[in-house]
Protein chains: 2
Amino acid sequence: MGEAGLRADAERNRQRILAAAEELFLERGASVSLDEVAKRAKVGAGTLYRRFPTREALLAATSNERFMSVAEASRGRDADHEPDDALRRFLEAFALNASVYRSLAASLGTVIQHRTPGCNAITEEGHRLLRRAKEAGVLRQDASFDDIVCVVSAISIAVEKESAPVPRVAHLVDLLFNGMRER
Amino acid sequence: MGEAGLRADAERNRQRILAAAEELFLERGASVSLDEVAKRAKVGAGTLYRRFPTREALLAATSNERFMSVAEASRGRDADHEPDDALRRFLEAFALNASVYRSLAASLGTVIQHRTPGCNAITEEGHRLLRRAKEAGVLRQDASFDDIVCVVSAISIAVEKESAPVPRVAHLVDLLFNGMRER
DNA sequence: TTACGATATGGAGACATTCTCCACTTAGCA
DNA sequence: TGCTAAGTGGAGAATGTCTCCATATCGTAA
């Protein structure tokens, strides 16, 4: 949670920035002015930029706990779900959490590359599910984690405007998982 | 090509803006400063904004011919290709042309809604292919044109960083069209 | 040809946002 | 208690968007 090697007052400010960013991202989307985030956190702009050099780094940080949850829930489902079902549920949860802030999905590809615990966890879990589904023979051998990020982005972008995201995400995951083809 | 009801000098300026924008978009991506576009076109900023009120309007205009080509080529393929193959090729061509400028893909959803000839043509052709594939029973009934735009955007975004976009586009279209499942 | 209204123009400048820099403050240790 | 490394705020430079309007030019009707 806290960032290692940070002075106590600095860590306090860091938390205030995260709280302010979370509020503003929820209210007005992932594109709000960062100076405004600093202002709401009662912190100078320099402090914000020193701690989070880019908007994506801040997004990765505010998404950290959500991404951890997605990975953890997926690991917990492992025992009582078939590999393809586990992967499908993971995709749904990932997509839903990649659209909590408007305009987050568009930069998901960049955000997910940050080495925060949450991004690491979700990346590892994605790779694990991919491997497991391939071994079970229910997934194409040439599907990669990058493909997953691409698919999740597409779904999240499509879903951001919707008033009822959950069923729409389920529909789109089904569509892209099983293919647009009639069988 | 020329815009109806425009004074001759205004139409000349409009063409100069389009040429300058095309150059700069190719060189440095779809996010270049619009003032710089105006400067290269040797035109005041006001002139640019009067003719193209938003960046997306300008992008729709510079993409016009490419979009026309995509639609036309697709229509030409109609006779000697099965409905699913025709749709797949259309998706590939659309995605490739939605990534000619870096960062164009991110605003594709907005760009495509402009009522330029190219946007109209590509939208109509998309609907036609969708209908044809559904009638032939090779496409799920619940796939929509919005789904297509969403999928094409995601593919184009994913592909913008690649050095070899063509095979990657083909892979992603195949993946999303046929599904991630082993069959 | 002229003259006149409609159209079109440029670019200064108001405003917003990003991001840096550094004189000053503070925490934490010896 | 005093020292130093760590941290801070916020002014302001750099960049970009977009508007406004005094001025210029086009095209036409007489």
Side-chain angles (χ1 to χ4, degrees), chain A residues 1-21 23-25 27-62 101-104 106-107 110-111 114, chain B residues 1-62 101-104 106-107 110-111 114:
Chain A
M1 177 135 295
E3 191 79 354
L6 228 48
R7 227 168 65 175
D9 56 340
E11 174 60 22
R12 255 185 332 262
N13 284 337
R14 186 173 164 279
Q15 293 301 335
R16 286 228 308 285
I17 293 170
L18 284 176
E23 270 182 34
L24 280 168
F25 286 159
E27 278 173 28
R28 318 227 308 269
S31 318
V32 283
S33 151
L34 293 185
D35 274 22
E36 197 171 347
V37 171
K39 207 174 150 197
R40 183 169 304 196
K42 293 192 162 55
V43 137
T47 302
L48 189 157
Y49 283 99
R50 192 173 330 102
R51 218 52 73 198
F52 305 100
T54 63
R55 181 182 299 276
E56 285 73 28
L58 181 54
L59 283 167
T62 56
Y101 318 134
R102 205 155 21 90
S103 313
L104 166 56
S107 42
T110 314
V111 169
H114 285 77
Chain B
M1 179 136 295
E3 191 79 354
L6 228 47
R7 228 168 63 176
D9 55 341
E11 174 61 23
R12 255 183 333 262
N13 284 336
R14 186 173 164 279
Q15 294 300 336
R16 286 228 307 286
I17 293 171
L18 284 176
E22 169 77 3
E23 271 182 34
L24 281 168
F25 287 160
L26 284 176
E27 279 172 27
R28 318 228 307 270
S31 316
V32 282
S33 150
L34 293 185
D35 274 23
E36 196 171 348
V37 171
K39 207 173 150 197
R40 184 170 303 197
K42 293 194 164 49
V43 137
T47 301
L48 188 157
Y49 283 100
R50 192 173 329 102
R51 217 52 73 199
F52 305 101
T54 63
R55 181 183 299 276
E56 284 74 28
L58 182 54
L59 284 167
T62 56
Y101 318 134
R102 205 156 21 90
S103 312
L104 166 55
S107 41
T110 313
V111 170
H114 284 77

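In what follows, chains are A, B, ... by sequence order, proteins preceding strands, each numbered from 1.
Among residues two or more places apart in sequence or in another chain, the side-chain hydrogen bond (donor to acceptor under 3.5 Å, both in side chains) test is passed with B/R28 by B/E36. Shown here are the side-chain contact (heavy atoms from CB on, under 4.5 Å) partners of A/A61, two or more places apart in sequence or in another chain: A/L18, A/F52. Listed by chain and residue number, A/N13 satisfy the side-chain hydrogen bond (donor to acceptor under 3.5 Å, both in side chains) test with A/R16 (two or more places apart in sequence, or in another chain). Legend: residues meeting ring pair (Phe, Tyr, Trp, His ring centres under 6.0 Å) with A/Y49, ordered by chain and number and at least two apart, are absent. Every residue meeting the side-chain hydrogen bond (donor to acceptor under 3.5 Å, both in side chains) condition with B/D9, not counting sequence neighbours, appears here in chain and number order: B/R7. Applying the side-chain hydrogen bond (donor to acceptor under 3.5 Å, both in side chains) rule to B/R40 yields the partners B/E23, B/E27; only residues at least two apart in sequence or on another chain are considered.
Pairs of residues two or more places apart, or lying in two chains, never qualify as salt bridge (charged side-chain N to carboxylate O under 4.0 Å, His left out) while including a residue from residues 44-58 of chain B. Residue pairs meeting the ring pair (Phe, Tyr, Trp, His ring centres under 6.0 Å) criterion with at least one member in residues 8-43 of chain B, sequence neighbours excluded, are B/F25-B/Y101.
Less than 4.0 Å separates DNA chain D from at least one heavy atom of each of the following residues of residues 30-47 of chain A: A/K42, A/V43, A/G44, A/A45, A/G46, A/T47.
Between the CD atom of A/E3 and the C1' atom of D/dA6 there is a distance of 15 Å, given to the nearest Å. When the C1' atom of D/dG9 is taken as reference, atom CZ of A/R14 falls 20 Å away, rounded to whole Å. The nearest whole Å value for the distance from the OH atom in B/Y49 to the P atom in D/dC18 is 5 Å. Across the protein-nucleic acid pair, B/R55 atom CZ and D/dT15 atom C1' stand 13 Å apart, rounded to whole Å.
Residue A/N13 has a polar side-chain atom (N or O) positioned under 4.0 Å from OP1 or OP2 of D/dT8.
Annotation: the span from B/L24 atom CG to B/L34 atom CG amounts to 10.0 Å, rounded to 0.5 Å. Put simply, CZ on B/R102 and CG on B/L26 are 11.0 Å apart, with the number rounded to the nearest 0.5 Å. From A/R14, atom CZ reaches atom CG of A/L48 across 11.5 Å, with rounding to the nearest 0.5 Å.
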Nucleic acid footprint by protein, nucleotides 24-30 of chain D - heavy-atom cut-off 4.0 Å, B for base, S for sugar-phosphate alone: -BSS---
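Mapped onto DNA chain D by nearest heavy atom, B/T54 and A/A10 fall at different nucleotides, with A/A10 at the one closer to the 5' end.
First and last contacting nucleotides of DNA chain C toward chain A (any atom under 4.0 angstrom from a heavy atom, 5' to 3' order): C/dT18 to C/dG28.
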